[in-house]
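Working notes, structure below.
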Number of protein chains: 2
Amino acid sequence: MQHHPQGARKSHSRRLLLTEIRRTGPVARIDLASRTGISRASVTTITADLLHEGLIEEVARKDPTPEQTRGRPRVDLKLRGAAHLVAGLKIANRAVSVALVDFEGALLGQREAPLPRPVNDARNLAEQLGQILDQALDGIGRTRGDLSAIGIGISGIVDAHRGFVYWSPSLVSRNLPFGQILTETLGKPVYLDNDTNLVALAEQSFGLGRGIDDFIVVTIESGVGMGIVLNGHLYRGTRGCGAEFGHTKVHLDGALCRCGQRGCLEAYVADYALLREAAISEPDQHPRPDEQRIEALLRAARNGQPTASSIVARAGRMFSMGLANLVNIFDPQLIILSGERMQLDHLYASEVIAAMRSSIVQIDKPPPEVMIHKWGDLMWAKGAAAFALGGVIETAIANGKPT
Amino acid sequence: MQHHPQGARKSHSRRLLLTEIRRTGPVARIDLASRTGISRASVTTITADLLHEGLIEEVARKDPTPEQTRGRPRVDLKLRGAAHLVAGLKIANRAVSVALVDFEGALLGQREAPLPRPVNDARNLAEQLGQILDQALDGIGRTRGDLSAIGIGISGIVDAHRGFVYWSPSLVSRNLPFGQILTETLGKPVYLDNDTNLVALAEQSFGLGRGIDDFIVVTIESGVGMGIVLNGHLYRGTRGCGAEFGHTKVHLDGALCRCGQRGCLEAYVADYALLREAAISEPDQHPRPDEQRIEALLRAARNGQPTASSIVARAGRMFSMGLANLVNIFDPQLIILSGERMQLDHLYASEVIAAMRSSIVQIDKPPPEVMIHKWGDLMWAKGAAAFALGGVIETAIANGKPT
DNA sequence: AGAATTAATTTGTAAATCAAATTAAATATC
DNA sequence: GATATTTAATTTGATTTACAAATTAATTCT
């Protein structure tokens, strides 16, 4: 109820139809009418506009519905991929992933390139991103000029609305208008957000969250993150530091966390948390890389070695407790556990889910479903692309000008 | 995006204006236009309708704005109280409170009556409520026929959308369509919800949450409850058992809770939690009422008695931890601590708030404000009335028929 | 080939909304 | 005290938006 661009009401039906087409994939006009409540006449005229502007296109109906065998066949509509090209970038610790995605959400190209240094000056990082982006574009024979927008995910604390970064492990300085810097440097509109929020967007656009209005995505990497989708929209909090699942407290004056506080969930389930416990009983003195140590620990736990089992079991129980708290607070339809690291199976284990189920308020209705979605770094980048796509669609709705 | 009554779009501007008038109190047409983005012409025609239907009325401008000293003076509009009468009922353990509220939200009458038994059969309880309601109406010379709707708050687990009660301490049976039963018995549309949700609505409509889009209300009674307002709307979860703050876990395998599980926040801060710890060192054998025992405990703690201090201090620290978790998850603008029991000062103490502040993710922006709002049982009933009012406004927007 | 069926479009109409012009109600100025 | 000035609210006329009903299109069934 704040500022109102003149065309806000005008485009109401347009928005409804475009988002419905986006959500439902190929869909016939008559179904659009019944689902949105807009009359068939209006659906015809508005979709005609969208077709003319090149935002959508007609496709032959794939599934000739069993019941609908007679009469004029339906013609499906879907987003027209070629209408726009967007890029999604994920800034990781020592690498950057790029996903090039068309208006339909199809992956046209990708690239992963190393970041020489994990922490960078803002302007410098922006320029490196530009180079990697151009290489990715090169790979599919396109240029930066072809892009409609760029979405970027970065870890840390970000106010996505303003593109403001309070703090990020990837940047030397705090409190930067990094979104603005990126827009200037890259020459295209940049949508910047915290990376875990973008995973939630990716699940909503391309993944297990499609068509679900209230769900939570928990990401398990070296830390523990969360994205919250309520009423079909990503909830970001008011300052940009919500959804900090990893730093919710699960023990009063508990284990020391990287953030300096005590009792954070992360301080019980993250790699470093497991390793510092394991260190006590580790036989060998010569240092091994953390990856190997974690793997050895988990292997020992699976083999029933008591100390290792105890360490891993506690992590799992703390994690269940954290999940149960989310359910007790949000009562979502679905929880998606998302991570790319296969070795973290102990957190995805059925005992962990079962423990969560027994720690929530019990009612005579099934508890929220829990789904596990393992995917690679690329999907973070696709999430960033989904964010950019959202922005592009907004402007497409507002403008109503041909492409 | 589910079902679409034919008049959904028609009433778009109507809704916008009516809700803006409700939110802003007396407001001039020209301000309505600038705030909603609707043209002055349309504001005139739509408000003329609303005036004609008796939903709003003109009032002389109270504050002759310093700057606006020349020209035709503005005429303020506000909701017309007489347009509708609603009742709000709060079902407590051994009592029922009734608030009679007009369309503007003004309290016209109230009543509190004892409930002979705390747990009742649904139909029986509905009839008792009807009697108490009629007595309250009698007190202001009105009858049940004058009511437009009734809002009712009950503790337990409620799916407000369907008016379905999974479980309530006030009812003998589980899984009842209690809302339906009430509508039938009372002969007026009943809006039924969990009582803590209604406190949040009360804060939003009449209290500290006015004009705030994202806030959380934590209620401290014998248990600990929560209401969540996000994007200006009460968030209820998908099954009706969200916002169970009292049963979020703050300790793995911790203290035993009334709900049968372990480690619930409630099991550390509720009356019974304090008393069972105090019992160990209580000198006297002859049983005293719980109220007195709690008071004695808190007095002893204030006087520095070590055991009592330790008990009360731990409750406070656990509570801070729970609050910090809410902030880390929601990042709200405001947290309202709401309760009527003055003796619970230890939970409102500045050390508790400070401990919460130091347990949240730190960024270079001030943490959410914490406000303390002590109020009586009547405000629960007013919250129920606010819920009913919301329903009445919805139908008023949809119908567009004179009163 | 014609009837039946269902989807999509066209046509004419009702409504919602707006920009611009006009009127209303006050103060300021001479 | 009459007139100019200022600002709010309304009226007017036009435009846009959306719809119901009628029509056309593209099928299958008989």
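A note on names: the letters A, B, ... follow the listed sequences, proteins ahead of strands, and every chain is numbered from 1. Excluded from the calculations below are hydrogen atoms, water molecules and symmetry mates; all remaining heavy atoms, backbone and side chain alike, are included. Small disclaimer: the values here were computed from a predicted structure and weren't measured.
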Distance check needed: [N] [atom2] versus [X] [atom1], whole Å only.
| X | N | atom1 | atom2 | value |
| --- | --- | --- | --- | --- |
| A:Ile38 | C:dA8 | CD1 | P | 15 Å |
| B:Arg35 | D:dA8 | CZ | P | 13 Å |
| A:Asp76 | D:dT27 | CG | P | 14 Å |
| A:Leu16 | D:dT17 | CG | P | 15 Å |
| A:Arg15 | D:dT17 | CZ | C1' | 16 Å |
| B:Leu32 | C:dC18 | CG | P | 13 Å |
| A:Arg61 | D:dA25 | CZ | P | 22 Å |
| A:Ile56 | C:dA8 | CD1 | P | 12 Å |

Taking only residues two or more places apart in sequence or in another chain, which ones pass side-chain hydrogen bond (donor to acceptor under 3.5 Å, both in side chains) with [X]?
| X | value |
| --- | --- |
| B:Asn231 | none |
| B:Asp102 | none |
| B:Ser42 | B:Ser39 |

Sequence-distant partners of A:Phe164, ring-ring contact (aromatic ring centres under 6.0 Å, His included), two or more places apart: A:Tyr166
[N] OP1/OP2 closer than 4.0 Å to side-chain N/O of [X]:
| X | N | result |
| --- | --- | --- |
| B:Ser42 | C:dT17 | no |
| B:Ser13 | C:dT17 | yes |
| B:Thr45 | C:dT17 | no |
| B:Arg70 | C:dA28 | no |

Atom CD of A:Gln180 with >12 non-hydrogen neighbours under 6.0 angstrom: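 At most 12 heavy atoms, drawn from other residues, nucleotides or ligands, come within 6.0 Å of this atom.
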Enumerate all atom pairs, one protein N or O and one N or O from nucleotides 20-24 of chain C, separated by less than 3.5 Å.
residue: C:dA24; atom: O4'; partner: B:Arg72; partner atom: NH1; Å: 3.3

Closest to side chain of A:Thr44, choosing from D:dT11, C:dA7, C:dA8: C:dA8
Given C:dT9, D:dA9, D:dA18, the nucleotide with the shortest approach to the side chain of B:Ile30: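 Of the options given, the side chain of B:Ile30 lies nearest D:dA9.
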Pairs where residues 40-51 of chain A contributes a residue and the test salt bridge (charged side-chain N to carboxylate O under 4.0 Å, His left out) is met, not counting sequence neighbours: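 Sorted result for residues 40-51 of chain A: empty, none.
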Touch class at under 4.0 angstrom, heavy-atom based, for A:Val75 against every strand present: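 Sugar-phosphate contact only.
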B:Phe330 and A:Phe330 aromatic ring geometry - parallel, tilted or perpendicular at 30°/60° bounds: tilted
